Number of protein chains: 2
Amino acid sequence: MARKQGSHADITGPKVRQAALRLFARHGFAAVSMRQIAAEVGVQAGALYLYTADKQTLLFELMRDHLEELLEDWQAPDADPVDQLESFVRHHIRFHLDRPELVFIAYMELRNLTPGNFAIIEGLRRDYEDRLEAVLKAGQASGRFAVPDTKLATMALIAMLTGVTTWYREGGRLDRAAVEAAYWDMVRKAVGT
Amino acid sequence: MARKQGSHADITGPKVRQAALRLFARHGFAAVSMRQIAAEVGVQAGALYLYTADKQTLLFELMRDHLEELLEDWQAPDADPVDQLESFVRHHIRFHLDRPELVFIAYMELRNLTPGNFAIIEGLRRDYEDRLEAVLKAGQASGRFAVPDTKLATMALIAMLTGVTTWYREGGRLDRAAVEAAYWDMVRKAVGT
DNA sequence: GGTTGAATTGAACGCGCGTTCAGATAACCT
DNA sequence: AGGTTATCTGAACGCGCGTTCAATTCAACC
């Protein structure tokens, strides 16, 4: 059987990535087989290789696309460092709460990347960290912030904010606006502003 | 060959756990085989089953022992909430920097636990979170702290502090004392004290 | 020095893995 | 209607997996 209705490639391709995303996030890259992904898509395992070179590439492209979208989606606004920081915090929380599975994979499956792919992903991640550090440095220089060390503060704040995905549940005690506000309150104080 | 020198059980047992710890942390539970662990110990795969019921139990006991040690190692001092919080922060950083591999496993391999084992580990983790939240609640009640939400603040602070293991390297730009001090400074400010 | 038993080997079990590829199928084009 | 081509199947490849267990080895004991 093939070509049952319209062009299947435009449908199956995204389905493969979506199934891989779901399964990798739930069970981990190494614990998921190509046959499981194929079953989720509704296809035999061999057909997956029309849409990805191999399993490793499937993982790598999920992570790369995620980080590239993250980088595209936020630019520091032309404002003072405090407003820039608030913008960063609110965007980070929104973006991450919208993509819990991608966030999970991008942080957990680094060690399953080949060295070459790892270097690329790590570079993208560092670009993102540098964006935040630039804001902190600007604020520190202008005397608006008082952080003990901008690099350490960058890592500390990103870890704190990203952690929201580990506990936040839709429909829980706090809604997104409350979560955003609470994190921003803590970040604001932590940097001494 | 057997019993080459003294009692081997006392030596091989810990070696098995150590090898599993190292390999699970480096490559992930699902990506490590019993044969790899055995090779690291210097033994055939079958011999591992003298020291563990199965691979799952090996993972579970590493995580359980780690969390139980964490819980045993810190009790809130009889002091005001600010000092309790400082004690918690400094202990958390020290304890985690001393055991980066266990920390990594305990946070990353949760999804590879069977449901029963997962429930036990999650219970231990919640006990630890409750310790911090109790401090925050006490500080909030006495007016020393001003956090937006004690549960959210608990999760935010633990995520921030645990993140230290992802970037800290021995012999790097900052030593442990500086790291401890910097995190405490940010935590102190974040809770509004 | 013979016996015991803890410690380990090494082979075996059935199974699923990632990946390849020749062949089948069905939608499209002329 | 017939040919073309994108899409997918299904079988096959060699390999390593977690786990079991009879047989073996050798330090310790009598």
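Proteins get letters first, then strands, A, B, ... in listed order; numbering begins at 1 in each. All of these numbers come straight from a predicted model, not from anything done at the bench.
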Participant: Measure from CG on Leu48(A) to P on dT7(D) and round the result to the nearest Å.
Facilitator: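 Atom-to-atom, Leu48(A) to dT7(D), this comes out as 14 Å.
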Participant: Under the salt bridge (charged side-chain N to carboxylate O under 4.0 Å, His left out) test, which residues partner Glu101(B), sequence neighbours left out?
Facilitator: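 In terms of salt bridge (charged side-chain N to carboxylate O under 4.0 Å, His left out), with neighbours along the sequence ignored, Glu101(B) is linked to no residue.
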Participant: Side chain to side chain contact (heavy atoms under 4.5 Å, CB included) with Gln44(A): which residues, sequence neighbours excluded?
Facilitator: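 Partners of Gln44(A) under the side chain to side chain contact (heavy atoms under 4.5 Å, CB included) test: none.
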Participant: Could you state the atom-to-atom distance from OH of Tyr51(A) to C1' of dT9(D) in whole Å?
Facilitator: 13 Å
Participant: Under the side chain to side chain contact (heavy atoms under 4.5 Å, CB included) rule, collect the residues that match up with Ser33(A), sequence neighbours excluded.
Facilitator: Arg35(A), Gln36(A)
Participant: Do other residues, nucleotides or ligands put more than 12 heavy atoms under 6.0 Å from Asp73(B) CG?
Facilitator: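 Yes - once you tally the heavy atoms of other residues, nucleotides and ligands closer than 6.0 Å, there are more than 12.
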Participant: Hey, are Arg94(A) and Glu180(A) close enough for a salt bridge, meaning a charged N less than 4.0 Å from a carboxylate O?
Facilitator: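 So Arg94(A) pairs with Glu180(A) through a salt bridge.
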Participant: If only side-chain N and O atoms of Thr12(A) are considered, is one of them under 4.0 Å from the OP1 or OP2 phosphate oxygen of dC8(D)?
Facilitator: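 Yes, Thr12(A) has a side-chain N/O under 4.0 Å of OP1/OP2 on dC8(D).
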Participant: For Ala76(A), enumerate each residue passing the side chain to side chain contact (heavy atoms under 4.5 Å, CB included) test, keeping only those at least two apart in sequence or located in another chain.
Facilitator: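 Trp74(A), Gln84(A).
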Participant: In whole angstroms, how far is the P atom of dC17(D) from the CD atom of Gln56(B)?
Facilitator: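 That distance rounds to 18 Å.
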Participant: Using atom types as modelled, flag every donor-acceptor pair under 3.5 Å from a side chain in residues 113-120 of chain A to any protein atom, sequence neighbours excluded.
Facilitator:
unit_1: Thr114(A); atom_1: OG1; unit_2: Asn117(A); atom_2: ND2; d: 3.2
unit_1: Asn117(A); atom_1: ND2; unit_2: Gln56(A); atom_2: OE1; d: 3.0

Participant: Going by heavy atoms closer than 4.0 Å, what residues in residues 18-27 of chain B are next to DNA chain D?
Facilitator: none
Participant: Among dT7(D), dT9(C), dT19(C), which nucleotide sits nearest the side chain of Leu50(A)?
Facilitator: dT7(D)
Participant: At 10 degrees resolution, what angle do the end axes of the helix from dG1(C)-dC30(D) to dT30(C)-dA1(D) form when each is taken over five base pairs?
Facilitator: 0°
Participant: Could you check how far OH of Tyr49(B) sits from C1' of dC13(C), rounded to whole Å?
Facilitator: 13 Å
Participant: May I have the distance from Lys55(A) (atom NZ) to dC17(C) (atom P), rounded to whole angstrom?
Facilitator: 9 Å
Participant: Can you check the Gln44(A) CD to dT7(D) C1' distance for me, whole Å?
Facilitator: 13 Å
Participant: Which whole-number value in Å describes the distance from Asp10(B) CG to dA6(C) P?
Facilitator: 13 Å
Participant: List in chain and number order the residues that pass side chain to side chain contact (heavy atoms under 4.5 Å, CB included) with Arg173(A), two or more places apart in sequence or in another chain; answer none if no residue qualifies.
Facilitator: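 Testing Arg173(A) for side chain to side chain contact (heavy atoms under 4.5 Å, CB included), a comparison that skips the adjacent residues, returns Asp149(B), Lys151(B).
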Participant: Please list, by residue number, the residues of residues 28-42 of chain B whose heavy atoms come closer than 4.0 Å to an atom of DNA chain D; answer none if no residue qualifies.
Facilitator: Val32(B), Ser33(B), Met34(B), Arg35(B)
Participant: Atom CG of Leu58(B) to atom C1' of dT19(D): distance rounded to whole Å?
Facilitator: 14 Å
Participant: Under 3.5 Å, which donor-acceptor pairs link side chains of residues 122-130 of chain B to any protein atom two or more places apart or in another chain?
Facilitator:
unit_1: Arg125(B); atom_1: NH2; unit_2: Ala106(B); atom_2: O; d: 2.6
unit_1: Tyr128(B); atom_1: OH; unit_2: His92(B); atom_2: ND1; d: 2.6

Participant: List the residues meeting side chain to side chain donor-acceptor pair (under 3.5 Å) with Gln140(B), not counting sequence neighbours, and say none if there are none.
Facilitator: none
Participant: Test of understanding: with ring-ring contact (aromatic ring centres under 6.0 Å, His included), list the residues that count as partners of Phe95(B), not counting sequence neighbours.
Facilitator: His66(B), His91(B)
